[in-house]
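One structure is given below, encoded as structure tokens.
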Amino acid sequence: MINVVLAIAIMLLLGLLSTRLMKLVGLPNVTGYLIVGLIIGPYALKIITEDIYNQIEILSSIALGFIGFSIGVEFKLSHVKEIGAKAVTITFFQALSATLFVDVILVATAFFTGMQTYEAIVLGAIATATAPAATLMVVRQYHAKGIVTDTLLPVVALDDAIGLVVFAVSNSIALSLASGSAVTFWNLAVVPVVEILMSLVVGALVGLLLAVVPRFFKSRDNRLIATVFAVFACLGLCTLFEYLEQNYNFPFTLSDLLVCMMAGAVFVN
């Protein structure tokens, strides 16, 4: 049976080899990573079983934290001022229109599919989600520069905040419909807003702490260590809030992606 360490080695090797194949066909490296993951995953060849995946799932959270931080670093106020309101307009339109479209289609076809209304609402909320990892990897690989890239990265950053609100509201409505209880203002509006604001505050505090580091540590290695510490601190705090919610009925959690993005944005600005 493949152990966890060997499984990670296999994934890295096959991912590396896939980049050569993608270069031949003119596709970005992330396409190769996705294809290899599907092939060796628990639903195809099962080289990486569900048990192994569950053991290394924390690596996905850590990787997403670094990706969120990297996107936040791209969120410079000078760029935002140049772009103006375009990024905000695009983000709201693509996120909300996706949710509305999926909700309407699924509810309209519920009679034929047998899907419940609350299930359709949850799926509509999920439709707001985008893939910051794939977006950033493609931009970095091709060293893309220009108005499209400058607009795209802030959109990816803002989309997480909007997606969090839409999902929290939709999930609250869906749970109420499923249980037959009334939708409360607290779950519908207060909790999502508090969750976002607290995520921004925690991320900002970590970013400010990281911004102090260059004054005392000048070497590149020390700054790199400080950056790694900042990302792990963000993820650790998010895990702490999740633990408090599950065990002590704490009213909200934090968005790990949003916290890491905010830390990167505050640091770079």
Side-chain angles (χ1 to χ4, degrees), residues 27-28 30-46 48-50 53-54 57 60-61 64 67-68 71 86-138 148 151-152 154-196 199 242 245-246 252-253 255-258:
L27 293 174
V30 67
T31 307
Y33 301 151
L34 292 171
I35 293 174
V36 167
L38 288 171
I39 293 175
I40 68 175
Y43 302 105
L45 297 183
K46 298 184 179 180
I48 308 299
T49 62
E50 286 194 48
Y53 173 77
N54 292 332
E57 190 174 5
S60 298
S61 299
L64 191 61
I67 290 167
I71 292 176
K86 287 187 291 185
V88 177
T89 303
I90 292 171
T91 306
F92 271 94
F93 182 80
Q94 65 88 15
L96 299 181
S97 61
T99 298
L100 181 63
F101 180 80
V102 173
D103 281 343
V104 170
I105 294 298
L106 292 181
V107 171
T109 58
F111 177 78
F112 303 99
T113 62
M115 180 176 291
Q116 299 295 324
T117 303
Y118 60 85
E119 294 175 325
I121 291 174
V122 172
L123 289 175
I126 295 174
T128 63
T130 53
T135 303
L136 188 63
M137 289 174 68
V138 172
V148 174
T151 305
L152 179 63
V155 167
V156 172
L158 291 170
D159 185 75
D160 183 60
I162 296 176
L164 182 63
V165 173
V166 172
F167 182 81
V169 172
S170 298
N171 190 54
S172 176
I173 296 173
L175 289 174
S176 299
L177 291 175
S179 62
S181 59
V183 179
T184 64
F185 178 77
W186 174 264
N187 292 328
L188 190 64
V190 176
V191 173
V193 171
V194 171
E195 187 170 336
I196 288 178
S199 297
E242 185 177 350
E245 184 200 39
Q246 293 176 352
F252 62 89
T253 58
S255 167
D256 48 1
L257 189 59
L258 193 57

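Below, all heavy atoms of this structure are taken into account, side chains as well, without hydrogens, waters or symmetry copies.
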Problem - With sequence neighbours excluded, residues passing side chain to side chain contact (heavy atoms under 4.5 Å, CB included) with Ile196 - result: Leu164, Val165, Leu200, Leu258
Exercise for the section: Run the numbers on Leu136 and Val156 for side chain to side chain contact (heavy atoms under 4.5 Å, CB included), then give the verdict. Expected result: CA-CA 9 Å; Leu136 188 63; Val156 172; over 6 Å; no
Problem - Donor-acceptor under 3.5 Å (Thr99 side chain, Ala125 main chain) - result: no
Problem - Distance in Å, Leu123 CG paired with Tyr118 OH, rounded so as to fall on 0.5 Å steps - result: 11.5 Å
Exercise for the section: Give the minimum heavy-atom separation between Glu50 and Pro42, together with the two atoms involved. Expected result: CG-CB, 3.6 Å
Exercise for the section: Search all heavy atoms of Ser170 against all heavy atoms of Ile121 and return the closest pair with its distance. Expected result: O-CG2, 3.4 Å
Completion exercise
Between Thr128 and Ala95 the two heavy atoms that sit nearest each other are CG2-O, 3.4 Å
Handout entry: Stepwise side chain to side chain contact (heavy atoms under 4.5 Å, CB included) test for Phe167 and Ile126
Key = CA-CA 7 Å; Phe167 182 81; Ile126 295 174; 4.2 Å; yes
Problem - Tyr53, OH: over 12 other non-hydrogen atoms inside 6.0 angstrom - result: no
Exercise for the section: Grab the two heavy atoms, one from Glu242 and one from Thr253, that are nearest each other, plus how far apart they are. Expected result: CA-CG2, 3.9 Å
Problem - Residues that Thr91 engages under side chain to side chain contact (heavy atoms under 4.5 Å, CB included), provided they are two or more places apart - result: Gln94, Val155, Leu158, Asp159, Ile162
Practice task
Check Pro28 against Val138 and note the closest heavy-atom contact, atom names and distance.
Solution key: CB-CG2, 3.9 Å
Fill in the blank from the handout: dist Leu27:CG -> Ile35:CD1 (nearest 0.5 Å) comes out at 7.5 Å
Problem - side chain to side chain contact (heavy atoms under 4.5 Å, CB included) partner of Val36, the single match among Ile39, Ile40, Leu38 - result: Ile40
Fill in the blank from the handout: Between Tyr33 and Met137, the two heavy atoms sitting closest are CE1-CE, 3.1 Å
